[in-house]
Amino acid sequence: MGATTPVIGRTVEVRVPATSANLGPGFDTLGLALSMYDELEVTAREPGVLEIEVSGSGADEIARDATNLVVRSIAHVFADAGIPLPGIRLVAVNGVPHGRGLGSSGAAVAAGVLAAQGLLAGVVELDDAALLRLATELEGHPDNVAPALFGGLTIAWTGERGPQHKKLLVHRGVSPLVLVPGYTMSTKAARSLQPPQVPSEDAVFNVSRSALLIAALTQSPDVLLDATDDRLHQGYRAPAMPETSRLVQALRAEGYAAVVSGAGPSVLVLCDGPGSRLEAARLADEITDTPWEHRSVAVDVRGGTVRERAEGSSSQS
Ligand code: HSE
């Protein structure tokens, strides 16, 4: 009996949230799951089959072959488990803005890893640590994939036992606003602007703000402005996204805790209530002369989910 036999014919449904990484000072470490979702249905088919349907954000740019990031992530988990890869049918409806610093690649990786976990259930069991390890191997850094997998606010780090995470629940007063421009920014290009070394006073500055940010997001939203200050990445990357940088600075000058979301170009504003979120959105409209889409979102506390679709049921309602 071929090792893929038990999984062929299985269909799983996966849902993964958007994420905002860094949150100002927490470069490559902090991440927040947000209530915008990619929804996928993955079926294990006979070996050799590859069918991909994508709609929603970025659908035109997404690969429909074996280089598709969700498919590569599924393949990575099967290879790691030593199980031959079955054929794949993938239907994805993407609600996470693509290429905008809201974790679209982390969501694709998390979706692939979760789909593989669901397809392999009862054959190979994957715990949270394995999911984070596999996802980080694909993504390169854990700050998006940790909240995409586990939800909430995550602190992620890589130690002797590989990538680890701690999930925290965010204070209910924190009201995130995401401002999304009409253009994309490549994470690779943003990372190429990072210097190999930083002044020690800047490192100390970010250590203090990151520590404060955990308190601000979990207990004391009143200190969010100071807590979201950064000297380790946003300044170096500003020349590549001047409009983003201008908007962040202008909102901060008015007292709003605005940061570059991930590697940009979106802006995340961590407001201390729905009223100040409305004010921040109004101010953003006044400051900018190009259109920015406003998304008032919640913190997703659940993270990515996977469930097997019962035989005979259909995703069509
Ligand atoms: N921490 C990452 C960066 C997030 O800023 O480069 C983007 O993937």
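Reckoned from all heavy atoms, side chains included, excluding hydrogens, waters and symmetry mates. Numbering of ligands and ligand atoms starts at 1, following listing order.
Counting heavy atoms under 4.0 Å from ligand 1, residue His233 does not touch it at all. Here Asp143 has side-chain heavy atoms under 4.0 Å from ligand 1, and that is the only part of it that gets that close. Of the heavy atoms in Arg237, only side-chain atoms (C-beta onward) come closer than 4.0 Å to ligand 1.
Remark: Glu13 engages Arg307 in a salt bridge, criterion side-chain N to carboxylate O under 4.0 Å.
Met241 is not connected to Leu268 by any chain of hydrophobic side-chain contacts under 4.5 Å among Ile, Leu, Val, Met, Phe, Trp and Tyr, and they are in different clusters. Grouping the Ile, Leu, Val, Met, Phe, Trp and Tyr side chains by contacts below 4.5 angstrom, directly or via other members, places Met185 apart from Leu232.
Counting protein heavy atoms only, atom 8 (O) of ligand 1 is closest to His141 CE1, 2.9 Å.
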Q) Taking it one step at a time, do Arg252 and Thr228 satisfy side-chain hydrogen bond (donor to acceptor under 3.5 Å, both in side chains)? A) CA-CA 10 Å; Arg252 293 188 70 81; Thr228 47; 2.8 Å; yes
**Q.** CA sep, side-chain torsions, deciding dist, call: Arg282, Asp285, side-chain contact (heavy atoms from CB on, under 4.5 Å)
**A.** CA-CA 5 Å; Arg282 190 193 53 75; Asp285 273 343; 5.9 Å; no
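The shortest side-chain heavy-atom distance between Leu153 and Leu23 falls under the 4.5 Å cut-off.
Per-residue contacts place Asp28 under 4.0 angstrom from the following atoms of ligand 1 (heavy atoms of the residue considered): 1 (N), 2 (C), 3 (C). Against a heavy-atom cut-off of under 4.0 Å, Arg191 is close to the following atoms of ligand 1: 1 (N), 2 (C), 3 (C), 6 (O).
Counting heavy atoms only, Asn144 comes closest to atom 7 (C) of ligand 1 of the residues Asn144, Asn22, Thr29.
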